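Please read these numbers as outputs of a predicted model, since none were measured by experiment. Counting begins at 1 with the first residue of the sequence.
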Amino acid sequence: MSEFSTYLQDILAPLASSPVKEAMTYSLMNGGKRVRPQLLFDALEAYGFPVELGYPMASAIEMIHTYSLIHDDLPAMDDDDLRRGKPSCHKAFDEATAILAGDGLLTYAFQVALASDVKDEQKVCLIEQLSKYAGCDGMILGQSLDLQAEQRTTSTLEQILEIDRYKTGQLLILPLVSAAILADRKEDLGTWIKIGTNIGIQFQIIDDILDATSTEEEMGKSLSDARNDKATIVSLLGIDQAKMLAKQYKDEIDRELAGLNLKDQKLRATIDALLDRKK
Ligand code: GRG
């Protein structure tokens, strides 16, 4: 990961100096867990390819993830002051600069993805997936469903799962789908979509449990679910049942992974670690 961190830093270096570039660098290099790049690298290695082949696409996904966090923290959204253990982008800079930093990361991501060292038709496919999973039928739809849920007094488990499938799941499917495209294994896309969807829900359940049981210091981010009276799987089912549900998703992921017959088991270990994570 430290080599990938240097790669990420170098990507931003050629951009013109400006407060927006500073804010983009601040948020991107601010100690995220890099879960999405790790999933992409592990899936790529499982196909027998070097992780470096995935650097441009992993960077693009991490940039889009970071933009979503910057915008999600804004006063018009969750209004959170702490992210990745530091003041959120709009607190460290100002609101207008944070909006532009998010916009900058989103748009630059597409240029960065084009540096992938694969055939042109694979690049076209990667760009299409980047737009699809991050966009209005993907992560942005999830955020929109989340905003609509805030207007309701109650949400059903199915409604919450649908929000999680989009808001969290889409950017966790994307690295796996990207690895299959980079490895020229489009026939595996359906299985990766199922695995990524289940990872997304499992990831969000753990996030909700940590939101309810950890401190902001431990998590390095504002814990605003209770403050915002947000309906989550934990608020609906309680912690014990939520843990059981996460385990069911984990078992399903294991079954799907077994069907792929991957040589390298690093991906399995990464997914296990997501279930046991503390932040
Ligand atoms: C398009 C504005 C906009 C938002 C999209 C992704 C998102 C919706 C909002 C971000 C907040 C949120 C609760 C997202 C759900 C996914 C999630 C738990 C993100 C945090 O991901 P981690 O834990 O973060 O991988 P780090 O900081 O480690 O990268």
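A salt bridge links Arg277 with Asp207; the closest basic N to acidic carboxylate O contact falls under 4.0 Å. Using a 4.0 Å cut-off between charged nitrogen and carboxylate oxygen, Glu252 and Arg255 count as a salt-bridge pair. Salt-bridge annotation for Lys123 and Glu121: absent, with no side-chain N of the basic residue lying under 4.0 Å from a carboxylate O of the acidic one. In this structure, Glu62 pairs ionically with Arg34, as a charged nitrogen and a carboxylate oxygen lie closer than 4.0 Å.
A distance-only check finds no donor-acceptor pair linking the side chain of Thr66 to the backbone of Leu28 [under 3.5 Å]. Distance alone, capped at 3.5 Å, places no donor-acceptor pair between the Ser214 side chain and the Asp211 backbone. Side-chain atoms of Ser18 come within 3.5 Å of backbone N or O of Val20 as a donor-acceptor pair. In this structure, the side chain of Lys278 engages the main chain of Asp276 through a donor-acceptor pair within 3.5 Å. Checking side-chain atoms of Lys21 against main-chain N and O of Ala13 turns up a donor-acceptor pair under 3.5 Å. A donor-acceptor distance shorter than 3.5 angstrom exists from the side chain of Gln159 to the backbone of Thr156, with no hydrogens or angles considered. Put simply, the side chain of Ser144 never gets that close to the backbone of Ile140: no donor and acceptor are under 3.5 Å apart.
Clustering ILVMFWY residues whenever any of their side-chain heavy atoms sit less than 4.5 angstrom apart, transitively, puts Tyr133 in a cluster other than the one holding Leu141. The hydrophobic clustering, which links ILVMFWY residues whose side-chain heavy atoms are closer than 4.5 Å, places Val234 and Ile201 together. Taken together through direct or relayed side-chain contacts under 4.5 Å among Ile, Leu, Val, Met, Phe, Trp and Tyr, Ile99 and Leu12 form parts of separate hydrophobic clusters. The hydrophobic clustering, which links ILVMFWY residues whose side-chain heavy atoms are closer than 4.5 Å, places Leu145 and Ile173 apart. One hydrophobic cluster, built from ILVMFWY side chains closer than 4.5 Å, holds both Met63 and Leu176.
For the pairing with Ser59, the side-chain contact (heavy atoms from CB on, under 4.5 Å) check across Ile11, Asp10, Leu40 returns one residue only, Ile11. When each of Thr197, Ile193, Ile199 is tested with Ile195 by the rule side-chain contact (heavy atoms from CB on, under 4.5 Å), just one qualifies, namely Ile199.
By the 6.0 Å and 45° rule, Arg36 does not stack over the aromatic ring of Phe4.
Within 6.0 Å of atom NZ in Lys194, 12 or fewer heavy atoms from other residues, nucleotides or ligands are found, so the atom counts as exposed in its surroundings. In this structure, Met244 places its CE atom where only 12 or fewer heavy-atom neighbours from other residues, nucleotides or ligands lie under 6.0 Å away. Within a 6.0 Å radius of OH in Tyr26, more than 12 heavy atoms belonging to other residues, nucleotides or ligands are found. Shown here is Lys33, whose NZ atom has more than 12 heavy atoms of other residues, nucleotides or ligands within 6.0 Å. Heavy atoms from other residues, nucleotides or ligands lying under 6.0 Å from CG of Asp254 number more than 12. Around atom NZ of Lys91, no more than 12 heavy atoms belonging to other residues, nucleotides or ligands sit under 6.0 Å away. In the displayed structure, Asp272 atom CG is contacted under 6.0 Å by more than 12 heavy atoms of other residues, nucleotides or ligands.
From Ser88, atom OG reaches atom CD1 of Ile70 across 10.0 Å, with rounding to the nearest 0.5 Å. To the nearest 0.5 Å, atom OG1 of residue Thr232 and atom CG of residue Asp164 are 8.5 Å apart. Rounded to the nearest 0.5 angstrom, Asp208 CG and Thr168 OG1 are separated by 8.0 Å. Distance CG/Leu157 to CG/Leu236: 6.0 Å, rounded to 0.5 Å. Interatomic distance, CD1 of Ile253 versus CZ of Arg268, reported as 10.5 Å (0.5 Å rounding). With rounding to the nearest 0.5 Å, the separation of CD1 in Ile271 from CD in Gln202 is 7.5 Å.
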Open item on the list: Working note: Asp146 + Lys230, criterion salt bridge (Lys or Arg N to Asp or Glu O under 4.0 Å); need CA distance, chi angles, decisive distance, verdict.
Closed with: CA-CA 9 Å; Asp146 201 26; Lys230 190 167 250 179; 3.1 Å; yes
Open item on the list: Evaluate Thr97 against Asp94 for side-chain hydrogen bond (donor to acceptor under 3.5 Å, both in side chains), listing each step before the verdict.
Closed with: CA-CA 5 Å; Thr97 305; Asp94 56 61; 2.9 Å; yes
- [ ] Carefully, step by step, assess Gln204 and Ile233 under the rule side chain to side chain contact (heavy atoms under 4.5 Å, CB included).
- [x] CA-CA 9 Å; Gln204 189 58 55; Ile233 292 174; over 6 Å; no
Task: Residues Glu52, Tyr7; criterion side-chain hydrogen bond (donor to acceptor under 3.5 Å, both in side chains); working and verdict - done: CA-CA 10 Å; Glu52 289 78 9; Tyr7 182 90; over 6 Å; no
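Minimum interatomic distance between Arg84 and Gly32 (heavy atoms only, all atoms of both residues): NE-CA, 3.3 Å. The two residues Ala183 and Tyr47 come nearest to each other via the heavy atoms CB-CD1, 3.6 Å. Closest approach of Phe110 to Ile127, counting heavy atoms only: O-CD1, 3.5 Å.
When side chains are defined from C-beta on, Ser178 does not count as touching Gln129, because their heavy atoms never get closer than 4.5 Å.
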